[in-house]
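First comes the structure, then the notes that go with it.
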Amino acid sequence: MTKHLTYIAIHLLVLSSILSCTSGQNIKDQEFVNAKVYPGITCIQDTGITYSLYLPPQYDHTKPCPLLIVFDPHGDGLLPVNLFSSGAAKSGFILAGSNNSKNGMSIEQTTAVYRSILADLTSRFNIEKKAIYLGGFSGGSRVAGAAAISEGNVAGIVGCGAGLPNTSQKPVKKFSYLAVVGNQDFNFAEMKQLDESLEQASYQHHLLVFDGIHQWPTEEVIPEIFTWLRFDAMRQQAFPPDRAEIDAFIEKTDKEATSKAREGKPYQQQEIYIMMLHYLQGLTDVAPLQSEIGRLSDDKDVAAFREKQNQLLSIEQDLQRRYAPEIQQKSIAWWTQEARMLHSLSLKPGDKEMSAVYKRVLGYLSLSCYMYSTGALKQGNLSEAEKYIDIYRLVDPSNSEHRYLAAKVAALTNKPDE
């Protein structure tokens with residue numbers, strides 16, 4: 001009887017080993033279907049790491065393919081993969097979204113996740129090493145930036161809603177940077193300043209602004225992002241310049257600039273020329289664009305508009321500095337009146353730009369209240385947490401997060417009805 005049981009145990013152990021090896025082989029040699037989204041691919045060498053995946057329709061394992069790895073602040077890799085898949089399909093990019101990297105992890109942890117995903121992708125697919133790009137939103141954008149700075153194998157970054165991480169480390173090598181931000185995003189001023197810094201440091205860069213809040217880019221912006229990626233990959237000599245694609249871009253955007261000139265909007269005309277310059281540098285002669293940008297800089301209306309933009313940014317930064325300490329110092333009664341005033345100003349008709357300033361300030365206060373609330377909860381200071389949650393509710397009433405935090409406080413203070 002004992003010998004029989006021992007035999008069965010050994011047989012099961014061997015069978016388990018065979019199945020394990022076979023399973024691993026199946027994963028490694030799996031036939032992936034082009035133009036299909038895979039929600040969770042497990043890394044062969046690091047089974048604790050998974051990523052969402054999209055292969056473009058034109059992927060051919062005999063030809064190197066450009067790659068974009070994206071990071072969501074909540075570890076939801078499927079969200080950006082679904083969002084970017086249409087652009088990846090047209091542009092021929094492999095797309096991968098991390099399901100592990102999220103806010104709260106250290107730079108060392110998120111960079112290790114990046115390494116595992118990249119190693120897995122390069123073991124499975126034919127990746128063009130000159131065209132490895134990273135992207136992310138909010139905290140995910142800083143994750144992408146951290147990896148680009150430390151790893152040195154990254155051609156460029158698509159940073160959405162937040163800039164580079166706060167680190168003293170110098171980049172191993174330069175990378176291109178496409179900053180993408182909503183005009184009502186509380187990080188708008190940060191992205192503007194980053195764009196100016198990249199210009200001074202002679203980085204290949206551009207700032208792409210869309211109509212939105214602190215969020216992943218809207219679908220309308222995706223084609224512009226992938227045009228940037230394709231042009232930048234051509235600059236990196238990952239594949240030959242596509243003259244027809246470049247000429248089509250020039251014709252389309254030049255018509256848009258001419259249209260703005262006819263409408264009497266020289267500032268918007270200049271903005272289009274600046275965008276063309278950033279996209280086309282290294283691909284064609286940009287001297288005519290530089291000449292037009294310089295000419296328009298002398299236009300009094302353009303100069304006045306730029307001065308106003310600088311004033312608006314200054315007002316926004318002053319308001320953020322003013323309100324930062326008030327979250328801890330002022331009463332709920334004070335914040336009730338102040339929040340009402342800010343909401344009123346954010347909806348005031350007639351000056352969309354000033355309205356956007358107040359929307360961004362409210363967004364900044366919302367994030368600050370979230371951080372104060374969660375910090376107080378972690379420290380067990382429930383009375384302080386309640387205060388910050390109440391302010392959070394006043395400055396961002398439509399956000400569901402403060403309701404969840406209030407429910408946590410109610411549970412901890414034994415108030416089941418709340």
message: Do the side chains of Arg295 and Glu292 get close enough for a salt bridge, i.e. N-O under 4.0 angstrom?
response: yes

query: side chain to side chain donor-acceptor pair (under 3.5 Å) with Asp46: which residues, sequence neighbours excluded?
result: Ser116

- request: Examine Phe32 together with Tyr38 and report whether their ring centres are nearer than 6.0 Å.
  value: yes

message: Taking the ring of His206 and the ring of Tyr279, is the distance between their centroids below 6.0 Å?
response: yes

- prompt: With side chains defined as the heavy atoms from C-beta onward, is the minimum distance between Pro66 and Phe239 less than 4.5 Å?
  reply: yes

statement: Nearest heavy-atom contact between Leu277 and Leu289 is N-CD1, 3.8 Å

Would you give me the side-chain donor-acceptor pairs under 3.5 Å for residues 221-233, sequence neighbours excluded?
unit_1: Thr227; atom_1: OG1; unit_2: Pro223; atom_2: O; d: 2.9
unit_1: Arg230; atom_1: NE; unit_2: Glu245; atom_2: OE1; d: 3.1
unit_1: Arg230; atom_1: NE; unit_2: Glu245; atom_2: OE2; d: 3.2
unit_1: Arg230; atom_1: NH1; unit_2: Ser91; atom_2: O; d: 3.3
unit_1: Arg230; atom_1: NH2; unit_2: Glu245; atom_2: OE1; d: 2.9
unit_1: Asp232; atom_1: OD1; unit_2: Arg235; atom_2: NE; d: 3.3
unit_1: Asp232; atom_1: OD1; unit_2: Arg235; atom_2: NH2; d: 3.3
unit_1: Asp232; atom_1: OD2; unit_2: Tyr133; atom_2: OH; d: 2.7
unit_1: Asp232; atom_1: OD2; unit_2: Ser176; atom_2: OG; d: 3.0
unit_1: Asp232; atom_1: OD2; unit_2: Gln236; atom_2: NE2; d: 3.4

query: Do Gln270 and Ser297 touch side chain to side chain, with heavy atoms closer than 4.5 Å?
result: yes

task: Find the distance between CD1 (Ile315) and CZ (Arg322) and round it off to the nearest 0.5 Å.
output: 13.0 Å

message: Using a strict threshold of under 4.0 Å (side-chain N to carboxylate O), is an ion pair present between Arg321 and Asp318?
response: yes

- request: May I ask you to check whether His205 and Tyr177 place their ring centres under 6.0 Å from each other?
  value: no

query: Any side-chain heavy atom of Asn183 sitting closer than 4.5 Å to one from Lys359?
result: no

- prompt: Taking the six-membered ring for Trp, are the ring centroids of Trp335 and Tyr392 within less than 6.0 Å of each other?
  reply: no

task: Would you give the length of the straight line joining atom CE of Met191 to atom CG of Leu198, rounded to the nearest 0.5 angstrom?
output: 9.5 Å

task: Assess whether atom NZ of Lys174 is packed by more than 12 heavy atoms of other residues, nucleotides or ligands within 6.0 Å.
output: yes

- prompt: Just checking, any donor-acceptor pair under 3.5 angstrom between side chains of Gln269 and Lys260?
  reply: no

task: Kindly indicate whether a cation-pi arrangement holds for Arg360 with Phe188, taking the cut-offs as under 6.0 Å to the six-membered ring centre and within 45° of the axis.
output: yes

message: So, taking the atom named CG in Asp120 and the one named CZ in Arg115, what distance separates them when rounded to the nearest 0.5 Å?
response: 15.5 Å

- prompt: Does some side-chain heavy atom of Leu95 sit less than 4.5 Å from a side-chain heavy atom of Leu53?
  reply: no

- prompt: Below 4.5 Å, heavy atoms only, C-beta onward: do Leu55 and Lys36 meet side chain to side chain?
  reply: no

- request: Could you grab the distance from atom OH of Tyr203 to atom CZ of Phe175, nearest 0.5 Å is fine?
  value: 5.5 Å

- prompt: ring-ring contact (aromatic ring centres under 6.0 Å, His included): which pairs involve residues 348-377, sequence neighbours left out?
  reply: Tyr372-Tyr388

- line: d(Leu121 CG, Ile69 CD1) to nearest 0.5 Å is 5.5 Å

query: Have Glu220 and Thr218 got a donor and an acceptor in their side chains that come within less than 3.5 Å?
result: yes

message: For a 4.5 angstrom cut-off between non-hydrogen side-chain atoms, does Pro80 reach Trp216?
response: yes

message: When you compare the side chain of Ser400 with that of Arg403, does any pair of heavy atoms fall below 4.5 Å?
response: yes

- request: Nearest 0.5 Å please: distance from the CZ atom of Phe71 over to the CG atom of Asn99.
  value: 11.0 Å

